[in-house]
Amino acid sequence: MIDIKSLYYDELEELILGGGFPKFRAKQVFQWLSKGALSFKDMKNLPKNLAEFLEGSCYISVANIEKKLVSRYDKTVKYLFRLNDGEFIETVVMSYRHGYSICVSTQVGCKMGCTFCATGKSGFSRSLTASEILAQIEAAGRDLKVRISNIVLMGMGEPLDNFDNVIRFLKLVSSPEGLNIGMRHITLSTCGIVPKIYELAEYKFALTLSVSLHAPDNKTRSETMPVNKRYPIEQLIKACRDYFDITGRRVSFEYAMIDGINDSDECAEKLGKLLSGLNCHVNLIPVNSVKGSDYKKSRVERQKQFVNILSNYHITATVRRTLGSDINASCGQLKRNHTEEGGK
Ligand code: SAH
Ligand code: SF4
């Protein structure tokens with residue numbers, strides 16, 4: 001069966017023409033799909049034989065709301081969506097002064113096994129198709145009745161471990177016929193799969209690449225992020241420098257501050273040296289504690305000290321505020337709880 005919502009517009013036209021139907025029908029089908037039609041029979045202006053043709057050869061990806069949590073503090077909304085095959089994924093919508101931002105999942109689970117991450121702890125099931133990544137945005141937008149203007153690929157999964165589907169998603173979501181969300185409003189977060197960073201650079205998208213660094217040296221990084229054993233820190237930072245040279249886009253770094261693990265003055269000095277001369281921004285995030293690990297957030301005084309030391313190296317760093325802390329808004333936690341409660 002063809003995953004119809006993962007097709008580019010010209011591929012949809014080809015499909016319709018190939019079935020012996022006129023080209024203009026593609027536009028009608030596309031409009032129905034964009035409006036969120038869940039079955040071909042509901043597409044009222046299509047001839048019966050076209051609806052039957054589509055029914056027999058295609059399926060429509062959905063993200064059904066299984067659970068929805070709304071934060072009392074800041075209106076952050078977290079969804080647990082159920083996909084066509086019964087798998088669950090998480091999506092978070094945050095409201096800012098400038099609009100709505102959505103954090104989407106790219107895989108069911110993750111293979112990378114970072115020790116501080118709830119998703120990493122619950123194993124890997126499968127990658128999402130482009131349409132399943134899109135479906136999260138459509139379903140949330142429909143439910144909240146808002147236009148979502150920013151996307152971060154920071155939910156469950158490693159986007160660069162699902163490269164082709166993520167590229168397809170990026171092209172679809174930014175196309176004028178689609179949701180038309182420009183690349184400048186998209187951030188892709190990766191744990192640092194070096195060859196894929198080079199592949200992504202070749203597309204010269206105007207998106208923001210965000211690299212989950214979380215440690216300033218190989219020893220500390222390999223202990224928390226197994227991917228570092230394959231692509232050590234020097235290779236990763238070189239790739240980031242090259243990414244900037246190729247795309248002209250400033251890279252962001254994520255650094256989850258863990259009490260006593262990666263938050264000493266020495267770590268900040270090492271990080272300053274590592275990134276010096278690189279046009280970048282560092283987001284410091286007090287680590288969220290997850291079940292099964294005893295990592296604790298760094299103290300506020302440590303966070304401030306990090307910002308100060310980095311500024312000596314002319315690196316701008318900000319401490320990210322935590323949204324949705326009452327609803328476990330950091331990804332992977334809701335699904336884990338749901339599964340452990342026997343919800344799956
Ligand atoms: N796999 C990608 C994107 C998904 S994870 C990546 O690792 O970048 C999104 C972000 O959340 C990453 O920066 C990740 O390191 C961070 N993260 C995961 N668990 C966290 C936790 N417990 N506290 C703070 N940040 C966390
Ligand atoms: Fe995967 Fe990212 Fe979690 Fe690491 S932090 S396990 S790469 S989702």
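One-based numbering, in listed order, for ligands and for the atoms of each.
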**contact_flag His214 ligand 1 heavy-atom lt 4.0 Å** = yes
**Request:** Would you please determine whether Ser210 falls within less than 4.0 Å of ligand 1 on a heavy-atom basis?
**Result:** no
**Message:** Distance under 4.0 Å to a non-hydrogen atom of Gly157: what atoms of ligand 2 satisfy this?
**Reply:**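 Here the atoms of ligand 2 in question are 8 (S).
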**Item:** Salt-bridge present (Lys68, Asp143; N to O < 4.0 Å)
**Value:**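 Looking at Asp143 together with Lys68, the answer is yes, because their closest N to O distance falls below 4.0 Å.
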**Asked** Are Arg168 and Tyr8 in a cation-pi setup, meaning NZ or CZ lies under 6.0 angstrom from the ring centre and within 45 degrees of the ring axis?
**Response**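 The answer is yes; both the distance and angle limits are met.
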Does the side chain of [X] pick up a donor-acceptor pair with the side chain of [Y] at under 3.5 Å?
X	Y	value
Ser71	Thr76	no
Ser311	Asn308	no
His281	Thr316	yes

What are the atoms of ligand 1, with element, lying closer than 4.0 Å to any heavy atom of [X]?
X	value
Thr190	6 (C), 8 (O)
Met154	4 (C), 5 (S), 9 (C)
Gly157	1 (N), 2 (C), 3 (C), 4 (C)
Glu254	13 (O)

**Message:** Short of 2.8 Å from atom 4 (Fe) of ligand 2, name each protein N/O/S atom, waters not counted.
**Reply:**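 Hits for atom 4 (Fe) of ligand 2 below 2.8 Å: Cys114 SG.
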**Request:** Have a look at Arg126 and tell me which of Gln107, Glu87, Glu132 forms a side-chain hydrogen bond (donor to acceptor under 3.5 Å, both in side chains) with it.
**Result:** Glu132
**Item:** Phe116, Tyr255, Phe253: member with heavy atom nearest to atom 22 (N) of ligand 1
**Value:**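 It is Phe116 whose heavy atom sits nearest to atom 22 (N) of ligand 1.
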